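The structure under discussion appears below in the form of structure tokens.
We number each residue from 1, following the sequence as shown. What you are looking at is a predicted structure, and each value in this text was computed from that prediction instead of being measured.
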Amino acid sequence: MPILLSRVFLPILLLLSVSLSAEQATTIKVTNAEVRQPMQGRSVTAGYLTLHNTSEQSKSLIAVTTEAFQRIELHQHSHKNGVMRMEQVDAINIAAQSEVNLTPGGLHLMLFEPKTKLALGDSIIMQLTFSDQQVISISVPIVALPKR
């Protein structure tokens, strides 16, 4: 009986496991990712991207890491009493079947203390961690600051 169980149920469990992993891996898509090249003499810069949640459940981005910077924080700009402020947030929520844009003047990534000199056209690898423990690795290009 144990041999029968292992021959029948073990493959089914493996298929279910692979299927669940594939489903989880495809529920968040990332587009338009970029990190601005740090200004000369500065140790902080910003990153932007769009998160697409294709699942039926809301998700939250709870952490971003990379080998290229000492740390990354999730930030937002807000207006309080006529003053624009930037503050760290614990998570960025993405409703089911929707997208969230991290853009200048809104939600964004703050990247602190680059570990190496980053040139235009370079790319860094980031790991995005979500509230359901899903982790996505993305390649993000280093771009120039926009001219004003």
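Looking only at distances, a side-chain donor or acceptor of Thr45 sits under 3.5 Å from a matching main-chain atom of Arg36. Between the side chain of Asp132 and the main chain of Gln134, a donor-acceptor pair closer than 3.5 Å is present. The main-chain N or O of Ile125 is never found under 3.5 Å from a side-chain atom of Glu67 such that the two would form a donor-acceptor pair.
Between Met86 and His108 the shortest side-chain heavy-atom distance falls below 4.5 Å.
Val143 and Leu109 are assigned to two separate hydrophobic clusters, defined by single-linkage of ILVMFWY side chains at heavy-atom distances under 4.5 Å.
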Stepwise, does the side chain to side chain contact (heavy atoms under 4.5 Å, CB included) test hold for Ile124 with Phe69?
CA-CA 9 Å; Ile124 63 172; Phe69 285 84; 4.0 Å; yes
Side chain to side chain contact (heavy atoms under 4.5 Å, CB included) evaluation trace for Val35 with Leu118:
CA-CA 10 Å; Val35 168; Leu118 299 168; 5.6 Å; no
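Of all heavy-atom pairs spanning Pro141 and Ser139, the tightest one is CD-O, 4.0 Å. For the residue pair Leu111 and Met126, the shortest heavy atom distance occurs at CD2-CE, 3.6 Å. Residue Thr129 comes nearest to Leu61 through the heavy atom pair O-CD1, 3.5 Å, listed as atom of the first residue, atom of the second, then distance. The nearest pair of heavy atoms linking Pro114 to Ser43 is CD-O, 3.6 Å. Residues Gln37 and Ala119 approach most closely at NE2-CA, 3.7 Å, considering heavy atoms.
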Identify each donor-acceptor pair in which a side-chain atom of residues 90-107 lies under 3.5 Å from a protein atom, sequence neighbours left out, and give them as a table.
| residue | atom | partner | partner atom | Å |
| --- | --- | --- | --- | --- |
| Asn93 | OD1 | Ser60 | OG | 2.4 |
| Gln97 | NE2 | Thr54 | O | 2.6 |
| Gln97 | NE2 | Ser55 | O | 3.1 |
| Gln97 | NE2 | Glu56 | OE2 | 3.2 |
| Ser98 | OG | Ala95 | N | 3.3 |
| Ser98 | OG | Ala95 | O | 2.6 |
| Glu99 | OE1 | His52 | ND1 | 3.0 |
| Asn101 | OD1 | Thr50 | OG1 | 2.7 |

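Taking Ala33 as the reference, Val30, Leu49, Ile138, Val140 meet the side-chain contact (heavy atoms from CB on, under 4.5 Å) condition, with sequence neighbours excluded.
From His79, atom NE2 reaches atom CZ of Arg85 across 11.5 Å, with rounding to the nearest 0.5 Å. Separation of atoms CG (Leu145) and CZ (Arg42) is listed at 9.5 Å; rounding is to 0.5 Å.
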